[in-house]
Amino acid sequence: RSPIVIRSFLLRTYASTPSPHALIFLEQRQGQVDSGSLSALTAASQLGGKVTGLVVGTSEHVPAVVDKVKKLKGLTSLLHSTSELYAQQLPETLSPLLEKLLSGSEYTHVVSTPSSLAKSLLPRVAAKLDVPSVSEITSLEHDASSNSTTFTRPIYAGNAISTIRLSSSIPIKFFTVRATNFDPASFEENQEIEVKAVDPVDVPECPTEHISTQLTKSDRPDLSVAGRVVSGGRPLKNAETFAATLNPLADVLGAAVGASRAAVDAGYADNSLQVGQTGKVVAPELYMAIGISGAIQHLAGMKDSKMIVAVNKDPDAPIFQVADVGLVADLYEAVPQIIEKLKQ
Ligand code: FAD
């Protein structure tokens with residue numbers, strides 16, 4: 001073979017395997033960066049290539065958010081787009097911007113936290129580009145030589161792990177990241193990266209109008225990222241008993257409060273507190289399940305917690321199969337005693 005042939009072969013190989021370049025949607029609400037975005041950034045960094053962040057919002061919040069996130073370890077550049085159009089972050093208004101950024105670009109991956117917004121935004125843009133979107137991945141591996149990315153994600157309420165490989169035939173690979181499986185990216189004070197403003201994309205005939213947002217306000221730690229969680233189930237009787245029993249325990253531990261779906265459906269707790277398959281997935285240092293049976297749908301949301309403590313009066317309750325510490329007792333007797341001991 002002549003050297004010229006070999007060189008052209010190498011060039012072709014290089015051209016067909018672009019190094020990864022992820023675009024990560026760094027979600028912010030009222031100037032606060034979603035903590036799940038920091039874990040998504042860690043996952044994006046594991047692709048082994050460049051990572052560009054995207055911050056979108058109004059002039060009231062974007063400058064402060066940009067100042068903060070440009071120090072995020074793992075980001076190689078940052079884009080931001082500012083417009084009143086993005087005051088309410090709707091998939092209908094954000095997707096044209098993402099489509100424009102991706103069109104003809106070198107991005108190989110689009111990454112986000114699996115927030116309510118991203119659950120609608122990423123599949124919407126992926127569908128427009130006729131590529132798949134993989135949700136709530138728990139691990140990833142990128143093979144640069146074949147330009148394929150392999151993900152794992154839990155299915156059947158966490159009872160099986162599915163492995164999905166997106167090959168080089170998928171030019172842009174979309175995925176959301178389960179925050180409990182990746183440490184949040186840290187901040188590096190001295191980091192200098194390229195920061196660039198991009199024009200918003202107008203949506204003249206937006207089919208959706210934002211009417212109102214009702215936010216649940218709480219002084220407690222955010223359930224999704226709290227280091228300690230105290231959750232209650234059906235035997236907490238009603239909203240008053242639920243709060244009167246669990247809040248003092250959560251207070252003494254500095255914990256967030258969670259709930260089973262039975263407790264949420266019965267109106268004892270707000271549905272933002274639901275833990276499980278159709279609620280939040282948490283993996284705190286300490287998870288206390290108070291009067292929760294341990295149905296698989298509940299376990300799907302908390303079984304990766306580092307230490308699980310269960311209080312249940314039924315010794316055969318399934319929660320004891322995953323608990324590190326189990327107390328067979330009536331919760332109304334046990335919880336006040338636990339609080340007393342903790343105070344001591
Ligand atoms: P129960 O199952 O009624 O259990 C109550 C427990 O409290 C029992 O074990 C009992 O022994 C114990 N107990 C009673 N009195 C006392 C007492 N005085 N002291 C101590 N212990 C006591 N559930 C979720 O939690 N999260 C989800 O995201 C979720 N998603 C679902 C999705 C689907 C598609 C379906 C079908 C179900 C889902 N569920 C979910 C519901 C789930 O199957 C269970 O019904 C629910 O978790 C039960 O809640 P619980 O443990 O509070 O109530």
Side-chain angles (χ1 to χ4, degrees), residues 36 113-116 119 135-136 138 153-162 176 178-181 216 220 222-226 228-250 253 255-284 286-305 308-342:
T113 177
S115 62
S116 312
K119 278 177 182 163
S135 53
E136 298 207 36
T138 48
R153 61 182 298 270
I155 54 171
Y156 303 128
N159 283 317
I161 302 294
S162 136
T176 61
R178 186 169 276 194
T180 48
N181 290 74
T216 311
R220 295 190 183 284
D222 178 5
L223 177 58
S224 309
V225 290
R228 295 168 181 177
V229 173
V230 172
S231 278
R234 200 191 307 267
L236 271 312
K237 292 182 192 159
N238 52 46
E240 292 71 36
T241 317
F242 186 95
T245 312
L246 296 190
N247 286 357
L249 180 56
L253 286 167
V257 171
S260 72
R261 177 158 157 185
V264 169
D265 285 353
Y268 311 170
D270 188 80
N271 76 21
S272 62
L273 301 189
Q274 185 178 317
V275 172
Q277 183 189 345
T278 42
K280 296 216 163 84
V281 177
V282 299
L286 171 70
Y287 186 88
M288 294 189 79
I290 310 292
I292 291 180
S293 58
I296 51 162
Q297 295 90 353
H298 188 80
L299 300 185
M302 45 62 76
K303 68 176 168 24
D304 291 330
S305 305
I308 298 173
V309 175
V311 179
N312 197 303
K313 67 179 185 184
D314 173 8
D316 296 324
I319 192 75
F320 289 129
Q321 288 167 19
V322 297
D324 300 288
V325 178
L327 182 59
V328 180
D330 185 314
L331 72 91
Y332 292 103
E333 288 168 20
V335 171
Q337 288 177 22
I338 295 171
I339 295 170
E340 274 316 303
K341 286 278 177 206
L342 285 169

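Order of appearance sets the numbers: ligands from 1, and atoms from 1 within every ligand.
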- Message: Please confirm whether Pro318 approaches ligand 1 to less than 4.0 Å, judged on its heavy atoms.
- Response: no
- Message: Within ligand 1, which atoms have a heavy atom of Gly276 less than 4.0 Å away?
- Response: 26 (N), 27 (C), 28 (O)
- Partner set under side-chain hydrogen bond (donor to acceptor under 3.5 Å, both in side chains) for Ser135, not counting sequence neighbours: Arg153
- Task: Could you name the option among Ser293, Ala317, Gly258, Ser260 that has the heavy atom nearest to atom 52 (O) of ligand 1?
- Result: Ser260
- Protein contact to atom 44 (C) of ligand 1 [nearest heavy atom, distance to 0.1 Å]: Ala295 CB, 3.6 Å
- Item | Within-4.5 Å side-chain heavy-atom neighbours: Ile290 and Thr245 | no
- Query: Leu331 heavy atoms, cut-off 4.0 Å: which ligand 1 atoms fall inside?
  - Reply: 17 (C), 19 (N), 20 (C)
- ligand 1 versus Val275: contacting region, heavy-atom distance under 4.0 Å: backbone
- Item | Best match, Asp330, Asn312, Asp314: closest heavy atom to atom 8 (C) of ligand 1 | Asn312
- Applying side-chain hydrogen bond (donor to acceptor under 3.5 Å, both in side chains), name anything that partners Asn238, two or more places apart in sequence or on another chain. Thr241
- Note on the structure: atom 39 (N) of ligand 1 sits nearest the protein heavy atom Gln297 CB, 3.5 Å
- Message: For Ala263, which part has a heavy atom under 4.0 Å from ligand 1: side chain, backbone, both, or neither?
- Response: neither
